[in-house]
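Both counts, for ligands and for their atoms, begin at 1 and track the order of listing. A quick note: this is a predicted structure, and the numbers were derived from the prediction, not measured.
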Amino acid sequence: VTGPQFEPTHERALTPAVGPARDVDGFVRQFLRELNYTQGVPLSRSTLNDQYLALARTVRHYLMQGWIRTGKRRRDAGDKVIGYLSAEYLLGRQLDNALLAAGLEDIAREAMKECGLDVDLLRSQEIEPGLGNGGLGRLAACFVDSLATMDVSCIGYGIRYEYGIFKQTFEDGRQVEVPDSWLALGSPWEFPQPDRAVQIDFGGHTERYTGDDGRERTRWVPAWDVQAVPYHLLVPGYRNGVVNTLRLWSAKATNAFDLQLFNQGDYAEAVRAQTFAENITKVLYPEDSTPQGRELRLQQQYFFVAASIKDFIRHTLPADFDLHRLPERIAFQLNDTHPVIAIPELMRILVDEHDFEWDEAWDVTKQCFDYTCHTLLPEALEVWPVDLLGRLLPRHLEIVYRLNEDFLARVREQFDGDEVRARRMSMVQENPVRAIRMAHLATVAATKVNGVAELHSQLLRDKVLPDFSEMWPDKFTNVTNGVTPRRFVRIANPGMSELVTEAIGEGWLTDLERLRELEPFADDAAFRERFRAVKAGNKERLRQLLHHRDGIDLPEGHLLDVMVKRLHEYKRQSLKLLHVVSLYQRLLSDEVDPESTTPRTVVFGAKAAPGYFMAKETIALINAVAATIDADERVAGRLAIAFPANYNVTLAETLIPAADLSEQISLAGKEASGTGNMKFALNGALTIGTDDGANVEIRQLVGDDNFFLFGMTEPRVAELQAKGYVPGDVYASSPRLKSAIDFLASGEATGGDPSRAAAVVDDLLSSDRFMALADFDAYVEAQEKVEATYADTEAWTRSAILNVARSGFFSSDRSMRDYLDRIWNVSARS
Ligand code: NTF
């Protein structure tokens, strides 16, 4: 039964449950109860998975009171809710974060010890929910963490994919994707709410009819529907008793199966409808930065936003709420274009279901949405062919057409009938196929449009949406991304966290700018010594992990040079690889004494979209070069390449704190922001990077002396592009580059097999879309500066400490404060 919640008045019903006692004894009792009564096993017969599940549920118990109280307090106050609409949340492991947020780390450790168990071993049992591809999904997870920590009312709406981002394995060095069955062993963090399911319609046609009041109206007559079942996940704030909610939707067939067909023995046909419906939330699209124009993806998008809006109106707002005042109660943030179909959906609800006049509905709708763009690649801006949209959502297509008509009339009026401009700005693209430009729809509707770093927001205004920023200069703003220091400093780097607290006291974890107070310690030799000891400890932790996880044995005492992110040509893993080849050649040449070079281990971590040919070739090539170098005795102890498979949030948490050097080498003007770059700086790695995305701001803050800048600037890139870039010319004019490419092409770096390098080398020489060759010499020179600086241990450590001290700006708490001030007009309680 759906509808307004029954509100019991009995005193007891109003009091949230009291959690277990906050001591070791209380924890042990609750844990054993969970093990015995929920898992159904005695401790003596329990498996590690039983123990992990019981531990997770025990921790969850301690959060429930906060969750119930937070919800009640917010309902009573009638707070405006931030409705974060995101198709992805790359959450990472939940147990570590819940233990930290609840302040239960020590109690849990002791309690497990009393049961003869090791809390760290149990923590490592958790399979992270990989419900995202990369930066965009991880950002959403950081943002909801910050909003809970700042006690801001937020519901994160998303999709409960049954299978998250694929698990990456390597076979003969090539990527093979395996389904990620993160739910298979039980999922202790979610609360299914099947009785709160909502129906989501698809297909069919529209009809005009005359209402009782004599007005002409439209109704949508859908052809099929599915049920959207919400699952709650808890989003605990850091030690403030606040627990917000993630509401993830799972698709279920309206009718489970056809009993007649089943009884006749036609089993496949009997469950066809069910399979069809449940496919909607079966799996995350593993595309990053390029939209996958698949029908199922549009179904996913509509499915989750329609469910979220319906649910908000029905269950979060009071029953008699006047929807004219909707903007007082909700700000929907559109995380890229994926949820943009929410705009015509809200119009449809207001006009068709609540009898709003068109203009009135538009006025409300515009105030309810803001849009964040996360890309600069034109091919990444989603468009939906109108034949597909019209088939799946016929009413929404009509609404978009009408919105577009109204909008273009305004454009023509303001710009004197400038037809070319109107065509450029239209929500409807005519070629190569008629399609809806979701970014244009979002920009027209949204109150605010933001980019994710200063440079990105500027390029968004000047290059991606110039006509729109001319028309509405005040609509555009910037909010530079950030990352949560709870997960990416405190949990990932306990050693450094302790050292920092010892130096500057508590408080920095929720007020990260306070890291500034570390600056004087950069000049304190004893502190530097301890800082290095922490880094050495983190490297050892990584060595242990890679040994057990991947059978990789990292050499000791090397400069640890790390490039981890999705595999994409614009990110230029191939440039890093060319540098590795160049280092290898240098070690083999007679001119350089190997002993005089800096021993270096390069770590790659990257997944490629399964259909992205060049990305997959690059992975195979990196693995082939790694194997060749690994097998070559002549360079042993001087150079190593490691490429652990399946880079994810969990691996990042051990990898990043161990790194000395952070590789952020995208072609200028292509990486919207980057957030890995921030995590590395906050953990005391120095960055080698281009003037791109948030690198620009990192460099400005940490100072040129503590950052290795190289490569063309964005205007230079644009100039070269306009002039006509010829990679062959660069190849011919740089001896070092030519030599590295020839070496690679000859097969000498790939175990004697030149075919391994062919695709990548051919592409670099013939097109090199992202100008890796043009930046090669500058990159190698910057790497030489890295080596010189690294040789001076004290100078390097000083820079590393200054990176930490000056990166407090990159907390996602600050990003959220910026959204609150510049976009949502809501104030935080803390
Ligand atoms: C990514 N965008 C950008 O490529 C990153 O630079 C940025 O840091 C993150 O978003 C978060 O803002 C995407 O993943 C997408 F899908 F928009 F292309």
Side-chain angles (χ1 to χ4, degrees), residues 84-90 130-144 146 158 165 284-293 297 300-301 333-340 371-383 438-439 442 449-457 459-460 464 478-484 488 563-573 606-609 612 615 649 652 662-681 687 689-698 714 770 810 812 815-816 818-819:
Y84 203 78
L85 293 175
S86 179
E88 303 188 7
Y89 292 89
L90 194 47
L131 311 183
N133 271 290
L136 173 141
R138 183 54 238 177
L139 188 78
C142 285
F143 282 1
V144 294
S146 284
I165 183 69
L284 169 80
Y285 272 86
E287 303 297 325
D288 183 73
S289 297
T290 48
Q292 190 32 289
R297 190 167 171 127
Q300 290 185 335
Q301 296 182 352
Q333 189 66 33
L334 301 165
N335 197 27
D336 218 84
T337 50
H338 318 147
V340 167
Y371 162 53
T372 306
C373 175
H374 293 265
T375 189
L376 281 162
L377 304 181
E379 69 265 30
L381 297 175
E382 274 183 306
V383 297
M438 302 309 272
V449 176
N450 76 288
V452 290
E454 289 288 352
L455 175 65
H456 174 234
S457 294
L459 293 172
L460 197 59
V464 183
N478 170 250
V479 177
T480 298
N481 283 168
V483 301
T484 172
F488 290 105
M563 181 161 191
V564 285
K565 50 186 79 252
R566 283 299 286 259
L567 202 310
H568 226 291
E569 287 162 282
Y570 82 79
K571 295 179 188 280
R572 304 200 294 190
Q573 279 91 354
K607 289 181 185 178
Y612 187 170
V649 177
S662 158
E663 298 276 351
Q664 309 299 337
I665 62 177
S666 53
L667 177 64
K670 299 295 174 195
E671 188 70 271
S673 164
T675 43
N677 47 4
M678 302 167 184
K679 295 166 197 165
F680 280 101
T687 305
T690 48
D691 237 334
D692 200 16
N695 293 354
V696 178
E697 289 154 81
I698 293 177
E714 189 280 327
F770 298 101
F810 298 107
S812 47
S815 303
M816 287 298 88
D818 287 350
Y819 276 88

* S289 OG to H374 NE2 distance, which is reported to the nearest 0.5 Å -> 11.0 Å

* Asked: Excluding sequence neighbours, so at least two apart, what forms ring-ring contact (aromatic ring centres under 6.0 Å, His included) with F488?
  -> none

* Asked: By ring-ring contact (aromatic ring centres under 6.0 Å, His included), which residues pair with H568, not counting sequence neighbours?
  -> Y570, Y612

Enumerate the pairs of nitrogen or oxygen atoms, one from ligand 1 and one from the protein, separated by less than 3.5 angstrom; state names and distance to 0.1 Å.
residue	atom	partner	partner atom	Å
ligand 1	2 (N)	H374	O	2.9
ligand 1	4 (O)	Y570	OH	3.3
ligand 1	4 (O)	E671	OE1	3.2
ligand 1	6 (O)	E671	OE1	2.6
ligand 1	6 (O)	A672	N	3.4
ligand 1	6 (O)	S673	N	3.0
ligand 1	6 (O)	G674	N	3.0
ligand 1	8 (O)	G674	N	2.8
ligand 1	12 (O)	H374	ND1	2.6
ligand 1	12 (O)	N481	OD1	2.8

* Excluding sequence neighbours, so at least two apart, what forms side-chain hydrogen bond (donor to acceptor under 3.5 Å, both in side chains) with T480? -> N478, E697

* Quick one: does H338's side chain get under 4.5 Å of L136's, heavy atoms only? -> yes

* Check: T675/N481 side-chain N/O donor and acceptor closer than 3.5 Å -> no

